[in-house]
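See below for the structure under consideration.
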Amino acid sequence: MGDVAKDLTSGTVGGAAQLIVGHPFDTIKVKLQSQPAPLPGQPPKYAGAIDAVKQTIAAEGPRGLYKGMGAPLATVAAFNALLFTVRGQMEALLRSAPGAPLSVDQQVICGAGAGVAVSFLACPTELIKCRLQAQSALAASGTDTITLKYNGPMDVARHVLRSEGGVRGLFKGLVPTLGREVPGNAAMFGVYEALKQYLAGGHDTSNLGRGSLILAGGLAGASFWVSVYPTDVIKSVLQVDDYKNPKFSGSMDAFKKILKAEGVKGLYRGFGPAMARSVPANAACFLAYEVTRSSLG
């Protein structure tokens, strides 16, 4: 089995593990990010993450936490397969000799390169996912300008292609997606390698136990979000913005308006659930990747 096939397979398994562990947190994150600013004197729809979980389960049952999972399940496997395969190919390019370990700096470069590649897959997927996750929050608040009700991922895609500028419409938010994936993956793979080397006490990390891989993967995932979270908020608000009468003209405009309306706090809406998700979800992803990769020889 070639390296590309191993990376594809391991990345796919890692992606599935990541999604099953992480999706409920993601739903809550998007609901908090996209809830409309409350009217003066009114409390926001969700007081915080725990309140959003309670309200979601009360209204939709536990299945509500797995809303919009169809599109990511189909694509998270593809996403991680692409991420780990491009990273593997970049590693091969940067290696001085076959099998030679890479430095942390080289892993940062590999992560950034993989981030560019996956942005083009992530952008349309996230647009569809955010629309589905946000519509229940917006509808319940009574302030939704998105009166459209989507029946599922394909319905969102059809609507965007038909009435939001065709294929370009699906790539709305590509700039902040790149602004999230490139530095985020650079940080994540750099931190992952640095922690593995630290825990192994040297460059050879092949004998690390599962506990060490879970720790390194979890903290690497956390470093992704710590480094790029505000960009993700901007991406979410642009992607759920109304096409006909948009609130934001672009990334910088969204950044300025969020800062003006809510201060820095506004750029960290939903940060709690994002962090609570990223640690176990990425620990699951990296562990599943490494275990699958080593079982393939």
Side-chain angles (χ1 to χ4, degrees), residues 1-18 75-123 174 177-228 231 278-279 281-297:
M1 202 175 192
D3 276 348
V4 173
K6 284 181 198 165
D7 279 330
L8 274 169
T9 310
S10 313
T12 305
V13 176
Q18 181 181 31
T75 53
V76 78
F79 179 90
N80 278 288
L82 181 64
L83 181 72
F84 283 101
T85 305
V86 173
R87 172 186 165 233
Q89 291 305 294
M90 301 237 351
E91 285 179 339
L93 282 174
L94 293 175
R95 268 203 182 93
S96 50
L102 292 178
S103 70
V104 173
D105 292 354
Q106 287 172 315
Q107 283 292 359
V108 168
I109 296 166
C110 293
V116 174
V118 294
S119 293
F120 290 90
L121 181 61
C123 186
L174 181 63
T177 303
L178 282 159
R180 181 188 77 175
E181 293 296 330
V182 176
N185 281 300
M188 181 169 77
F189 285 114
V191 167
Y192 185 60
E193 192 56 39
L195 283 168
K196 281 197 334 186
Q197 290 185 14
Y198 173 76
L199 293 167
H203 284 301
D204 181 17
T205 58
S206 56
N207 296 323
L208 281 177
R210 290 185 180 186
S212 299
L213 293 175
I214 287 172
L215 179 65
L219 291 173
S223 72
F224 180 105
W225 289 107
V226 168
S227 58
V228 296
T231 328
S278 85
V279 175
N282 283 292
C285 176
F286 277 108
L287 178 66
Y289 171 80
E290 298 276 11
V291 169
T292 309
R293 191 91 169 67
S294 63
S295 70
L296 295 172

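How far OG1 of Thr85 is from CG of Asn80: 9.5 Å, rounded to the nearest 0.5 Å. The CD atom of Glu193 sits 7.5 Å away from the CD atom of Glu91 when rounded to the nearest 0.5 Å. Separating the CG atom in Leu195 from the OG1 atom in Thr205 is a distance of 11.5 Å, to the nearest 0.5 Å. Between the CG atom in Leu82 and the OG1 atom in Thr12 there is a gap of 10.5 Å [rounded to 0.5 Å]. Atom-to-atom distance recorded for Leu178:CG and Thr231:OG1 is 11.0 Å, nearest 0.5 angstrom. In this structure, OG1 in Thr9 is found 9.5 Å from CZ in Arg293, a value given to the nearest 0.5 Å.
Considering Val104, Leu208, Asp204 as possible partners of Gln197, the one that fulfils the side-chain contact (heavy atoms from CB on, under 4.5 Å) test is Val104.
Taking the six-membered ring where tryptophan is involved, the planes of Tyr289 and Phe84 are essentially parallel, since the angle between them stays under 30° and well short of 60°. In this pair, Phe286 and Tyr192 present their aromatic rings parallel. The plane angle is below 30°, not in the 30 to 60° band.
Judged by distance alone, with hydrogens and angles left aside, the side-chain atoms of Ser294 form a donor-acceptor pair with the main-chain N or O of Val291 at under 3.5 Å. Using a distance-only test at 3.5 Å, with no hydrogens or angles considered, a donor-acceptor pair links the side chain of Arg95 to the main chain of Ala100. Glu290 contributes no side-chain N or O that, together with a main-chain N or O of Leu213, makes up a donor-acceptor pair within less than 3.5 Å.
When all heavy atoms are compared, the tightest approach of Gly217 to Asn282 is O-CB, 3.5 Å. In terms of heavy-atom proximity, Ala216 sits nearest to Lys196 at CB-CG, 4.0 Å. Here the closest non-hydrogen pair linking Cys110 and Leu102 is SG-CD1, 4.2 Å. Taking both residues in full, the closest heavy atoms of Ala17 and Ala284 are given as CB-O, 3.8 Å, listed atom of the first, atom of the second, then distance. Annotation for Gly15 and Cys285: closest pair N-SG, 4.4 Å, computed over non-hydrogen atoms. The heavy-atom pair separating Met188 from Ser223 by the smallest distance is CA-OG, 3.7 Å.
The side-chain heavy atoms of Thr177 and Phe120, taken from C-beta on, include no pair separated by under 4.5 Å. Contact check for Gln106 versus Phe189: no side-chain heavy atoms found under the 4.5 Å cut-off. For the pair Lys6 and Thr292, the minimum side-chain heavy-atom distance is 4.5 Å or more.
When the shell of 6.0 Å around CZ of Arg210 is examined, it contains 12 or fewer heavy atoms from other residues, nucleotides or ligands.
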